[in-house]
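Here's the structure, in structure tokens; my notes come after.
Numbers restart at 1 for each chain; the letters A, B, ... are given by sequence-line order, proteins then strands. A quick note: this is a predicted structure, and the numbers were derived from the prediction, not measured.
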Protein chains: 2
Amino acid sequence: MARKIQPAERCDCDVIHEDTVNQVREKMPQEENLYDLAELFKVFGDSTRIKILWALDEAEMCVCDIAFLLNMTQSAISHQLRVLKQAELVKSRREGKIVFYSLEDEHVKQIFDQGLIHILEERK
Amino acid sequence: MARKIQPAERCDCDVIHEDTVNQVREKMPQEENLYDLAELFKVFGDSTRIKILWALDEAEMCVCDIAFLLNMTQSAISHQLRVLKQAELVKSRREGKIVFYSLEDEHVKQIFDQGLIHILEERK
DNA sequence: TGTATACTTGAACAGTTATTCATATGTTTT
DNA sequence: AAAACATATGAATAACTGTTCAAGTATACA
């Protein structure tokens, strides 16, 4: 199963376990899905956004409530809510001057819980 | 339940739903856990690392295998493996010149699967 | 109509990050 | 010992990101 490596290939080494690579390659999900998955986790990869999502899992809240809760400016929160909305993680509804935000997707909490399991395991 | 807002508070608005805020505040996890959770998701928030983890879920692989599979330089992969190792997501074992990497934590896949559910739901 | 309020938005800035390049380390083989 | 090879690492760079600041909307109410 040995094979000449083409110059175009970038891994800078001669000996690879081609069987393994081919076997893994077959099982890899579509590039697009992996990319989108990374984009989703990127949204989760900020403690402000994590806090907002966690808060909204408890109750629907207006921008000002969230800003007060997290002790941050209303502008900063608003910017982050836009990111969360673009990721279809939160939705909003206006009631007069006030805009209430809530979770769009109920299994966000499940993803967080899985993450926490990892974190708490790490601390053992 | 109305209350005067202190100048130190940053949310730039007068009317907050204090009951809601207090109720949510009680249920929020420790700051430290939320921060660590964000750090974990930050590691997942890069498609190269997602691909590496997904690949290692299928099989133990050496650096060169991964570089070849993903068509990236061995150096780039090595840098990312260091990040994954620091996050205690992968472990390595040396066999002569070759260093094999594998998953450290078996429920990474479960977190990914939850994420995929969200992504596929979004596309409906 | 004008003012106050809740929120949004664009630009700017500082801080972070992924990859590249060059070089170093550790192991095997000759 | 030296050469070859797999991997690691430090520095540099370009791209990205979160917050702030200074406006801008949209709604309610006097």
Side-chain angles (χ1 to χ4, degrees), chain A residues 2 5 9-18 20-21 35 38-39 41-52 60-87 90-101, chain B residues 2 5 9-18 20-21 35 38-39 41-53 60-87 90-102:
Chain A
I5 298 296
E9 290 161 2
R10 315 192 58 197
C11 75
D12 305 341
C13 41
D14 298 338
V15 184
I16 58 154
H17 308 87
E18 207 184 1
T20 305
V21 172
Y35 186 82
E39 289 302 303
F41 287 131
K42 213 169 280 180
V43 175
F44 293 152
D46 175 82
S47 60
T48 299
R49 289 192 293 265
I50 289 264
K51 287 176 195 169
I52 293 175
E60 180 187 62
M61 296 177 94
C62 70
V63 180
C64 183
D65 288 341
I66 302 170
F68 181 77
L69 174 69
L70 304 185
N71 191 39
M72 292 180 67
T73 64
Q74 163 267 108
S75 175
I77 298 299
S78 188
H79 278 296
Q80 297 296 10
L81 284 168
R82 184 164 44 81
V83 174
L84 293 171
K85 203 168 183 180
Q86 279 168 353
V90 305
K91 57 178 185 270
S92 63
R93 114 189 130 76
R94 181 178 275 275
E95 198 171 282
K97 284 179 292 190
I98 302 177
V99 178
F100 288 96
Y101 282 84
Chain B
I5 297 298
E9 290 160 2
R10 316 193 57 195
C11 76
D12 304 343
C13 39
D14 299 338
V15 185
I16 58 156
H17 308 88
E18 207 186 358
T20 305
V21 171
Y35 185 83
E39 289 302 302
F41 287 131
K42 212 169 279 179
V43 175
F44 292 151
D46 175 83
S47 60
T48 299
R49 288 191 293 263
I50 289 267
K51 287 176 196 168
I52 293 174
L53 289 169
E60 180 186 62
M61 295 176 93
C62 70
V63 180
C64 184
D65 289 341
I66 302 170
F68 181 78
L69 173 69
L70 304 184
N71 192 39
M72 292 180 66
T73 64
Q74 169 270 338
S75 176
I77 298 299
S78 188
H79 277 297
Q80 296 297 9
L81 283 168
R82 184 164 44 82
V83 174
L84 293 170
K85 203 169 183 180
Q86 277 168 354
V90 305
K91 57 178 185 270
S92 62
R93 112 187 131 77
R94 181 177 274 273
E95 198 170 284
K97 284 179 291 191
I98 301 176
V99 178
F100 288 97
Y101 282 85
S102 57

Given atom [atom1] of [X] and atom [atom2] of [N], what is their separation to the nearest angstrom?
{"X": "A/Arg93", "N": "C/dA6", "atom1": "CZ", "atom2": "P", "answer": "16 Å"}
{"X": "B/Leu70", "N": "C/dT19", "atom1": "CG", "atom2": "C1'", "answer": "14 Å"}
{"X": "B/Asn71", "N": "C/dA18", "atom1": "CG", "atom2": "P", "answer": "19 Å"}
{"X": "A/Ile66", "N": "D/dT19", "atom1": "CD1", "atom2": "P", "answer": "13 Å"}
{"X": "A/Met72", "N": "D/dC21", "atom1": "CE", "atom2": "C1'", "answer": "14 Å"}
{"X": "B/Phe44", "N": "C/dT17", "atom1": "CZ", "atom2": "P", "answer": "16 Å"}
{"X": "A/Ile16", "N": "D/dC5", "atom1": "CD1", "atom2": "P", "answer": "15 Å"}
{"X": "B/Asp65", "N": "D/dT7", "atom1": "CG", "atom2": "P", "answer": "8 Å"}

**Message:** For A/Val43, is there any backbone N or O sitting under 3.5 Å from a side-chain donor or acceptor partner on A/Arg49?
**Reply:** yes
Out of C/dC7, D/dT7, C/dT5, minimum distance to the side chain of A/Lys97 belongs to C/dT5
- Item | Pairwise side-chain contact, B/His17 with A/Ile98, heavy-atom cut-off 4.5 Å (strictly under) | yes
Any side-chain heavy atom of B/Gln80 within less than 4.5 Å of one from B/Ile77? no
Sorted by position of nearest nucleotide on DNA chain D, 5' first, the leading residue of B/Phe100 and A/Gly96 is B/Phe100
Between protein and nucleotides 8-17 of chain D, what N or O pairs are separated by less than 3.5 Å?
residue: D/dA8; atom: OP1; partner: B/Tyr101; partner atom: OH; Å: 2.6
residue: D/dA8; atom: OP2; partner: B/Ser78; partner atom: OG; Å: 2.9
residue: D/dA8; atom: N7; partner: B/Gln74; partner atom: NE2; Å: 3.2
residue: D/dT9; atom: O4; partner: B/Ser75; partner atom: OG; Å: 2.6
residue: D/dG10; atom: O6; partner: B/His79; partner atom: NE2; Å: 2.7

Could you work out, with side-chain contact (heavy atoms from CB on, under 4.5 Å) as the rule, every residue matching [X], not counting sequence neighbours?
{"X": "A/Ser75", "answer": "A/Thr73, A/His79"}
{"X": "A/Lys91", "answer": "A/Ser102, A/Glu104"}
{"X": "A/Glu95", "answer": "A/Arg93, A/Phe100"}
{"X": "A/Val99", "answer": "A/Ser92, A/Arg94, A/Tyr101"}

Between B/Thr48 and C/dT19, is there a side-chain N or O to OP1/OP2 distance below 4.0 Å? yes
